[in-house]
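Below is one structure, written out as structure tokens; the observations come after it.
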Amino acid sequence: MTDSILDTIKKMLGVDSSYDAFDIDIITHINSVFMNLFQIGVGPITPFSIKDNKAKWSDFIGKDNNKYEAIKSYIYFKVRLAFDPPTSSFVLDSIKQQIAELEWRLNMQSEEFK
């Protein structure tokens, strides 16, 4: 499994890692989510962003740090809504509920480890 943030999110979106036509869009959405995470106190003490597929999850959550594995799902769900929103209102509502729960849990987790 790749440790590249961009490649992971692209795979979760169903976009081949070698296909770069949407990279700017996906990177922009990923960076917006990193801003959200920073504002709720999750992640490094300084704002984090990526420019390409060289940024690794370990750059954001640290090496061998499993306490924030849900960040990957959170970023995927947020990017999915911005990049490729579902047409079904049931799926949309489900994703929004997942985002809200993950956001709350990640915030609580970050408070615990401060």
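- Tracing side-chain contacts under 4.5 Å through hydrophobic residues (I, L, V, M, F, W, Y), one never reaches W104 starting from M35; they form parts of separate clusters.
- Contact annotation: the side chain of I99 approaches that of L81 to within less than 4.5 Å [non-hydrogen atoms, C-beta and beyond].
- What you find for P44 and F60 is that their closest heavy atoms are CD-CE1, 3.3 Å.
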Would I9 and H29 satisfy side-chain contact (heavy atoms from CB on, under 4.5 Å), going step by step from the backbone distance to the final call? CA-CA 10 Å; I9 298 302; H29 296 313; over 6 Å; no
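- Here the shortest heavy-atom pairing between S73 and L102 reads CB-CD1, 3.9 Å.
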Go through the steps for D3 and S58 under the test side chain to side chain donor-acceptor pair (under 3.5 Å), then give the verdict. CA-CA 7 Å; D3 192 37; S58 56; 3.2 Å; yes
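- The distance between the ring centers of F22 and F83 falls below 6.0 angstrom.
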Apply the test side-chain contact (heavy atoms from CB on, under 4.5 Å) to residues F38 and I45: give CA-CA distance (whole Å), side-chain angles for both, the deciding distance (0.1 Å), then the verdict. CA-CA 8 Å; F38 176 75; I45 59 171; 5.9 Å; no
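- Interatomic distance, OG1 of T87 versus CG of D84, reported as 9.0 Å (0.5 Å rounding).
- Going from atom CG of D20 over to atom CD1 of I26 covers 10.0 Å, rounded to the nearest 0.5 Å.
- Annotation: side chain of Y76 is not in contact with side chain of T8 (no heavy-atom distance under 4.5 Å).
- Scanning both residues, I61 and E69, for their nearest heavy atoms gives CD1-OE2, 4.2 Å.
- I5 approaches K56 most closely through the heavy-atom pair CD1-O, 3.4 Å.
- The main-chain N or O of N53 is found under 3.5 Å from a side-chain atom of S4 such that the two form a donor-acceptor pair.
- Linking Ile, Leu, Val, Met, Phe, Trp and Tyr whenever their side-chain heavy atoms come within less than 4.5 Å puts Y19 and L13 in one cluster.
- Looking at S94, its side chain never comes within 3.5 Å of a backbone N or O of F90 through a donor-acceptor pair.
- D23 has a carboxylate O that lies under 4.0 Å from a charged side-chain N of K10, or vice versa, which qualifies the two as a salt bridge.
- Heavy-atom minimum distance, F34 versus I75: CE2-CD1, 3.6 Å.
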N31 vs F48, side-chain contact (heavy atoms from CB on, under 4.5 Å): CA-CA, chis, key distance, verdict: CA-CA 8 Å; N31 286 335; F48 185 87; 5.9 Å; no
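- The structure places CD of E103 at 11.0 Å from CE of M108, a figure rounded to the nearest 0.5 Å.
- Looking only at side-chain heavy atoms (C-beta outward), I27 and K51 stay at 4.5 Å or farther from each other.
- When all heavy atoms of V42 and L106 are compared, the pair lying nearest together is CG2-O, 3.6 Å.
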